[in-house]
Amino acid sequence: MRTNLHDKILLVNLRIKNLFVNLRTIKYNMSNKKLTAEQEQLARFAKAIGHPIRIAILEMLANQSCCYHGDMSEILPIAKSTLSQHLNELKDAGLIQGTITLPTVKYCINAENWKKAKNLFATLFIEINNEESCNNK
């Protein structure tokens, strides 16, 4: 009986060693793969729109016939300093363009990057929406 237990322990240790070798191989293979420029850009856009206030800002600017001039903190339920941070995040991502001269701002959608973001998100959602989905099984 003792030999049987010893054999089982050796087998478990061998499986654990194999698992770590496999994990190291996976990590090595993943570290050698590079993200595409499109993946990096899409992630940047996603991060920038990842807050409800930023969504509200983008919706407000998208509905403007020209650049927005004024104090957005009078429209949005946030402090001016917080608004400034959100505007900077959207500007850094390239989704909006303009200037901040508090208390007023002059901002509008960056049409070129807005189109790029729409295309990148559309491509992502088309790629995910396939017939072989796990949910269909």
Side-chain angles (χ1 to χ4, degrees):
M1 246 181 147
R2 188 170 181 104
T3 306
N4 194 14
L5 180 60
H6 180 69
D7 290 343
K8 286 182 181 181
I9 292 172
L10 288 175
L11 184 60
V12 168
N13 283 339
L14 181 62
R15 286 185 179 165
I16 290 171
K17 286 179 184 177
N18 285 339
L19 178 63
F20 280 109
V21 168
N22 288 340
L23 289 174
R24 261 193 313 244
T25 303
I26 290 169
K27 182 180 176 187
Y28 174 76
N29 288 339
M30 290 298 289
S31 66
N32 288 337
K33 295 186 189 273
K34 301 289 183 208
L35 297 174
T36 66
E38 289 80 13
Q39 289 168 326
E40 296 274 353
Q41 183 65 64
L42 180 60
R44 183 66 185 103
F45 288 149
K47 179 184 177 213
I49 65 171
H51 192 283
I53 289 293
R54 293 186 206 136
I55 299 282
I57 291 169
L58 290 170
E59 288 175 340
M60 187 178 84
L61 293 177
N63 289 323
Q64 299 289 318
S65 58
C66 60
C67 288
Y68 177 82
H69 295 269
D71 187 353
M72 285 185 185
S73 66
E74 292 176 359
I75 299 168
L76 300 169
I78 56 172
K80 290 179 184 179
S81 61
T82 306
L83 174 62
S84 177
Q85 292 171 352
H86 287 300
L87 290 168
N88 280 326
E89 185 69 32
L90 291 168
K91 187 176 178 182
D92 289 345
L95 291 172
I96 64 174
Q97 57 193 16
T99 57
I100 301 172
T101 311
L102 293 178
T104 62
V105 295
K106 177 185 174 188
Y107 269 107
C108 55
I109 296 290
N110 181 322
E112 181 181 337
N113 286 341
W114 187 253
K115 183 178 178 180
K116 188 179 203 178
K118 285 171 53 175
N119 290 336
L120 288 170
F121 279 108
T123 300
L124 172 69
F125 293 131
I126 288 170
E127 289 174 1
I128 291 175
N129 186 19
N130 62 42
E131 295 300 320
E132 300 296 320
S133 172
C134 295
N135 295 331
N136 293 335
K137 294 182 181 181

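If you read the sequence from its start, that first residue is 1, and numbering goes on from there.
Closest non-hydrogen pair, Tyr107 versus Lys91, comes out as OH-CD, 3.4 Å. Of all the heavy atoms in Leu95 and Ala117, the pair that sits closest is CD2-CB, 3.9 Å. When all heavy atoms of Ala48 and Leu90 are compared, the closest pair comes out as O-CD2, 3.6 Å. Here the closest non-hydrogen pair linking Asn113 and Phe45 is O-CZ, 3.9 Å.
The NZ atom of Lys80 lies 4.5 Å from the OG atom of Ser73; values are rounded to the nearest 0.5 Å. The structure places CD of Glu74 at 11.0 Å from CG of Leu83, a figure rounded to the nearest 0.5 Å. The structure places CD1 of Ile96 at 7.0 Å from CG of Leu58, a figure rounded to the nearest 0.5 Å.
A search for side-chain contact (heavy atoms from CB on, under 4.5 Å) contacts involving Ala79 returns Ser81, Thr82, not counting sequence neighbours. Residues meeting the side-chain contact (heavy atoms from CB on, under 4.5 Å) test with Gln39, sequence neighbours left out: Leu35, Thr36. By the side-chain contact (heavy atoms from CB on, under 4.5 Å) test, Ile75 is found to be paired with Met60, Tyr68, residues two or more places apart in sequence or in another chain being considered. Every residue two or more places apart in sequence or in another chain that forms a side-chain contact (heavy atoms from CB on, under 4.5 Å) with Asn119 is listed here: Lys115.
Legend: side-chain hydrogen bond (donor to acceptor under 3.5 Å, both in side chains) pairs involving residues 43-59, not counting sequence neighbours, sorted by first then second residue: Arg44-Glu89, Arg54-His86.
No option in Leu61, Ile78, Ile53 other than Leu61 meets the side chain to side chain contact (heavy atoms under 4.5 Å, CB included) test with Met72.
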